[in-house]
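Every number for a ligand or one of its atoms is a count from 1 in the order of the listing.
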Amino acid sequence: MRQYLDLCQRIVDEGVWIENERTGKRCLTVINADLDYRVDRNEFPLITTRKSYWKAAIAELIGYIRGYSSAADFRKIGTPTWNANANLNEAWLANPHRKGEDDMGRVYGVQGRAWAKPDGGTIDQLRKVVDNLTKGIDDRGEIISFYNPGEFHMGCLRPCMHTHNFSLLGDTLYLTSYQRSCDVPLGLNFNQVQVFTFLALMAQITGHKAGVAYHKIVNAHIYEDQLELMRDVQLKREPFAAPKLEINPDIKSLEDLETWVTMDDFAVHGYEHHPAIAYPFSV
Ligand SMILES: Nc1nc(=O)c2c([nH]1)NC[C@@H]1CN(c3ccc(C(=O)N[C@@H](CCC(=O)O)C(=O)O)cc3)CN21
Ligand SMILES: O=c1ccn([C@H]2C[C@H](O)[C@@H](COP(=O)(O)O)O2)c(=O)[nH]1
């Protein structure tokens, strides 16, 4: 939690104002941030200086794991977070590749589970990583990448957290996740939960201990209409201790995650937090 607040404070103190053409807003921006999460100690990196909607964040992750491409599927498992990008962005609405209401196109999980090969067929990146890790293999390329420039024009948004690289050291699993662009008040709140939970889940289904998750961010920003709430409200609050994440131990395979898992299979214990803050969202 302290590292999150330090990043927010650093943006407020040292950030540079950058015009963003896509959203038409200015962002206070810094370059490079390194965060790490102690999954081994179950220190769940949930923001405590405001109410955090952790179930929606985990629902997003499960949707990526399942390869969802529709905001309706994300809603069904518990998160409204893709509604705006699928249905309110002018450029995407006018895009001939959009297949109607709620379609997100070939983003995130679609690339993770069905990366199109130029010579036909698809690659299931996640399946390969799960199979190798289950056998105790780390070929130094246990990478799931959502970043496919050849298909950017077929999706509503380029992936922000775009690469997840798993590593095995003995019987301990590590994760390094890369993010190119980070909406610190809204997105990071979710992304921290996702990086932590992804490592915890992958360790559980491949039969390893979870180690540390490393989260590397390039462009970290606060939108102009979020700054006051961050500077004058959230940053004035004292954080509480990290809560714990409990995952249903019956989740034992990728198939379990693909088929029956719901948000009821996750619980958070000891979550003490300050009141909610409704940050503006930029489409
Ligand atoms: N500008 C922007 N920021 C993002 O963080 C972001 C995008 N766009 N587009 C793609 C996804 C969607 N994500 C989102 C979208 C909405 C919320 C959001 O509104 N969160 C609220 C309430 C969530 C709820 O009610 O479940 C929050 O207070 O955290 C968070 C992340 C993260 N990503
Ligand atoms: O998981 C996510 C997804 C998105 N974001 C934020 C980062 C940016 O503010 C926007 C994406 O805009 P681009 O113009 O494509 O960079 O969404 C996030 O923080 N986390």
Side-chain angles (χ1 to χ4, degrees), residues 4 7-8 11 15 18-31 33 35 45-64 68-71 74-92 102 104-105 107-109 111-112 146-149 152-153 155-164 177-198 215-227 229-230 233-234 263 271 273-283:
Y4 177 80
L7 174 59
C8 296
I11 299 175
I18 302 292
E19 289 288 341
N20 178 250
E21 205 185 312
R22 193 180 65 76
T23 56
K25 292 184 190 170
R26 287 187 316 148
C27 292
L28 199 54
T29 306
V30 299
I31 299 301
L35 307 175
L46 201 53
I47 302 306
T48 59
T49 48
R50 74 176 178 100
K51 184 175 183 192
S52 180
Y53 301 89
W54 62 270
K55 281 203 179 193
I58 294 180
E60 262 195 5
L61 174 68
I62 300 295
Y64 300 150
Y68 285 173
S69 63
S70 165
F74 280 87
R75 280 199 300 279
K76 267 183 240 148
I77 51 164
T79 181
T81 43
W82 279 94
N83 294 352
N85 287 109
N87 297 319
L88 299 176
N89 180 277
E90 291 303 331
W92 178 237
D102 287 322
M104 297 156 57
V107 294
Y108 286 87
Q111 301 298 346
F146 301 145
Y147 209 71
N148 187 350
F152 284 164
H153 64 293
C156 67
L157 195 73
R158 293 167 301 163
C160 293
M161 212 156 61
H162 54 80
T163 299
H164 299 281
S177 296
Y178 299 86
Q179 183 161 1
R180 66 170 176 85
S181 173
C182 182
D183 175 344
V184 172
L186 279 178
L188 187 50
N189 191 30
F190 275 39
N191 296 139
Q192 296 199 153
V193 166
Q194 291 162 347
V195 171
F196 181 101
T197 308
F198 200 15
H215 187 180
K216 299 184 175 295
I217 299 168
V218 178
N219 183 306
H221 50 264
I222 298 176
Y223 285 92
E224 55 186 327
D225 51 5
Q226 300 170 326
L227 181 59
L229 283 170
M230 176 56 78
V233 182
Q234 193 168 359
M263 290 319 108
Y271 183 35
H273 58 80
H274 290 269
I277 299 176
Y279 280 107
F281 177 82
S282 299
V283 184

[atom] - nearest protein heavy atom and its distance:
atom: atom 5 (O) of ligand 1; answer: Gly187 CA, 3.0 Å
atom: atom 10 (C) of ligand 1; answer: Asn85 OD1, 3.2 Å
atom: atom 33 (N) of ligand 1; answer: Phe281 CE1, 4.7 Å
atom: atom 28 (O) of ligand 1; answer: Arg50 NH1, 2.8 Å
atom: atom 18 (C) of ligand 1; answer: Leu186 CD2, 3.8 Å

Could you tell me if [Y] and [X] have a donor-acceptor pair between their side chains, going purely by distance under 3.5 Å?
X: Asn219; Y: Ser181; answer: no
X: Ser177; Y: His215; answer: no
X: Glu60; Y: Thr79; answer: no

Atom indices of ligand 2 within 4.0 angstrom of [X] heavy atoms, with elements:
X: Arg180; value: 13 (P), 15 (O), 16 (O)
X: Arg158; value: 15 (O)
X: His221; value: 7 (C), 8 (C), 9 (O)
X: Gln179; value: 18 (C), 19 (O), 20 (N)

> Can you find an N/O atom of Arg22 closer than 3.5 Å to an N/O atom of ligand 2?
Replying inline: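 Yes, there is a polar N/O contact under 3.5 Å.
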TODO: Give yes or no for whether the N/O distance cutoff of 3.5 Å, strictly under, is met between Gln194 and ligand 2.
DONE: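 No; every N/O pair is 3.5 Å or more apart.
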Where does [X] meet ligand 2, judged by heavy-atom distances below 4.0 Å: at the side chain, the backbone, both, or neither?
X: Ser181; value: both
X: Tyr223; value: side chain
X: Tyr108; value: side chain

Residue [X] vicinity, atoms of ligand 1 by number, heavy atom under 4.0 Å:
X: Ser282; answer: 1 (N), 2 (C), 8 (N)
X: Leu157; answer: 9 (N), 10 (C)
X: Ala56; answer: 26 (O)
X: Asn189; answer: 29 (O)

Give the ring-plane orientation class for His164 versus Phe198, where under 30° counts as parallel, over 60° as perpendicular and anything between as tilted.
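Aromatic pair His164/Phe198 classed perpendicular.
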For [atom], which candidate among [options] provides the closest heavy atom?
atom: atom 23 (C) of ligand 1; options: Tyr53, Tyr279, Trp82; value: Tyr53
atom: atom 17 (C) of ligand 1; options: Val283, Thr81, Thr79, Asn20; value: Thr81
atom: atom 20 (N) of ligand 2; options: Leu186, Asn20, Asn191; value: Asn191

Would you call Glu60 a ligand 1 contact, heavy-atom distance under 4.0 Å? yes
Check this for me: does any side-chain nitrogen of one of Arg26 and Glu224 sit under 4.0 Å from a carboxylate oxygen of the other? yes
ask   = Run the side-chain contact (heavy atoms from CB on, under 4.5 Å) check on Leu157 and Arg22 step by step: do they pass?
value = CA-CA 10 Å; Leu157 195 73; Arg22 193 180 65 76; 3.6 Å; yes
With a 4.5 Å limit on heavy-atom distance, are the side chains of Met263 and Ile62 in contact?
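In contact.
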Sub-3.5 Å N/O-N/O distance, Asp183 and ligand 1: yes
Check: At a non-hydrogen distance cut-off of under 4.0 Å, which region of Lys51 contacts ligand 1 (side chain, backbone, both, or neither)?
Finding: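 Near ligand 1, Lys51 shows nothing, with every heavy atom at 4.0 Å or more.
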